[in-house]
Amino acid sequence: MPELPEVETVRRGIEPHVVGRTITAVHVHDARLRWPVPPDFAAFALGKRITEVSRRGKYLLLALGTDASGGRIIVHLGMSGRLNVLDDQPPLRKHDHIEIELSGGLRLRYHDPRRFGAVLPWSADAPGHVLLDELGPEPFAPEFNGDYLFQRSRGRRSPLKNFIMDGHIVVGAGNIYAAEALFRAGLRPTRAAGKTTRAEYARLAQTVREVLGDAIQQGGTTLRDFAGAHGEAGYFQQDLYVYGREDQPCRICGSIIKGLRLGNRASCYCPRCQH
DNA sequence: CTGTTAACCTGAGTGC
DNA sequence: TGCACTCAGGTTAACA
């Protein structure tokens, strides 16, 4: 479900409600996630104050205590995760895994039917975290640019789409936004990463940033079940040019959008607009 | 090292 | 209704 824009939408949704509040109770109803919620998670979080809500790639980070002196909570939404801010206490639904009660009567509820997500403690003493240490740059960071992609791609034979979906190259572009960024750059997803030119990568770095930024402005893409921190849908699905549009006419040139599979993922491109 | 595949899960949709 | 099958926004472990 959630790529960078959806995670950022959730981050912005919860931030103003949780920063400054103290964790007064933690209920782990079902610890079975991508990695099990460790037994000491509740004790780790209890009594600490949330001081910051940040994001690294598709990971949400809740800093605990003054300048994270109490560590952080790492949240990943996987394919079907939701993190909601509640000001009441509706009955627990199936797949409501974790509830974090906050001072002032608010609560955070983590819900994840497919259980590909994660909620983990990150101790303040740990220098880094194995899930974050090897990630590529943020797409909005200055070091993410055409020259960087060009340099990292030399000698690589994998398709361009797989290359930019690799979180070790750049974080945040999943199946939707990789396809859309490639369309905006006029590049086919099947192109060999190592044979793409410096000028083309300059365009691609630009369109990756642009499409992610546009999607954040629209509150993300809601195809089936994505919802923000308050249950609201996103609107970027109205702005998709190729994702999910196989066999439909290109919105620019009218050619029929082609579908294929790359690395076990559905992919789409316009045979006329993309080369 | 690079690259490909299967695997982890549930639920929604489709076709018979 | 029921059953079998396919597919889904992510990531990594195992393998060639």
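Below, read A as the first sequence line, B as the second, and so on, with proteins coming before strands; counting in each chain starts at 1. As the structure is a prediction and not an experimental result, all values here were calculated from the model.
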Please compare A:G263 and A:R32 by the position of their nearest nucleotide in DNA chain B and report the one closer to 5'.
A:G263
Give a yes/no answer on whether the side chain of A:R115 brings an N or O atom under 4.0 Å of OP1 or OP2 in B:dT10.
yes
Minimum heavy-atom separation for A:P137 to A:E143, with atom names?
CB-CG, 3.8 Å
Contact summary for A:N175 and A:R265, nearest pair of heavy atoms
OD1-CB, 3.7 Å
So A:R265, base contact, sugar-phosphate only, or nothing? Heavy-atom distance under 4.0 Å.
base
For A:Y177, report the nucleic acid contact type (base, sugar-phosphate, nothing); a contact means any heavy atom under 4.0 Å.
nothing
Proximal nucleotide (of C:dT11, C:dT12, B:dG11) relative to the A:L131 side chain:
C:dT12
For B:dT5 and C:dC7, measure between their P atoms and round to the nearest Å.
15 Å
Under the criteria of a ring-centre distance below 5.5 Å and an interplanar angle below 30°, is A:F116 stacked with the base of C:dT11?
no
Just verifying a value: how many Å separate A:E52 CD and A:E15 CD, rounded to the nearest 0.5 Å?
8.0 Å
Between atom CG in A:L223 and atom C1' in C:dG10, what is the gap in whole Å?
14 Å
Partner lookup for B:dA6, please. Criteria are Watson-Crick or G-U wobble with both distances under 3.5 angstrom; report none if nothing qualifies.
C:dT12
Roughly, in whole Å, what's the span from CG in A:D225 to P in B:dA12?
9 Å
Figure out the CG/P separation between A:N264 and C:dG10, and round it to whole Å.
13 Å
Give the rounded distance in Å between these two atoms: CG of A:D112 and P of C:dA8.
18 Å
Scan residues 155-166 of chain A against DNA chain B and write down, sorted by residue number, each residue with any heavy atom closer than 4.0 Å; if none is found, say none.
A:R156, A:R157, A:S158
Specify the separation, in whole Å, of atom CH2 of A:W35 and atom C1' of B:dC9.
14 Å
Taking OP1 and OP2 of B:dT10, is either one under 4.0 Å from a side-chain nitrogen or oxygen of A:H95?
no
Protein-nucleotide distance (A:L77, atom CG; B:dC9, atom C1'), rounded to Å
16 Å
Quick note, A:E3 side chain, CB onward, closest among C:dT11, C:dT12, C:dG9 is C:dG9
Mind checking whether A:L4 and A:Y177 have side chains closer than 4.5 Å, heavy atoms only?
no
Approximate separation, where rounding is to 0.5 Å, of A:F144 CZ and A:R152 CZ:
11.5 Å
Nucleotide C:dG10, atom C1' - distance to OH of A:Y243 in whole Å
12 Å
Tell whether A:R224 reaches the base of B:dA12 with its side chain through a donor-acceptor pair below 3.5 angstrom.
no
If the test is salt bridge (charged side-chain N to carboxylate O under 4.0 Å, His left out), which one of A:K195, A:R191, A:R188 qualifies with A:E200?
A:R191
Determine the contact category for A:N175: base if any of its heavy atoms lies under 4.0 Å from a base atom, sugar-phosphate if only primed atoms, P, OP1 or OP2 are that close, otherwise nothing.
sugar-phosphate
Would you find more than 12 non-hydrogen atoms of other residues, nucleotides or ligands less than 6.0 Å from A:K258 atom NZ?
no
For A:F140, look at atom CZ and say whether over 12 heavy atoms of other residues, nucleotides or ligands are found less than 6.0 Å away.
yes
A:R93 CZ - B:dT10 C1' separation (whole Å)
14 Å
Distance test, side-chain N/O of A:K94 to OP1/OP2 of B:dT10, below 4.0 Å:
no
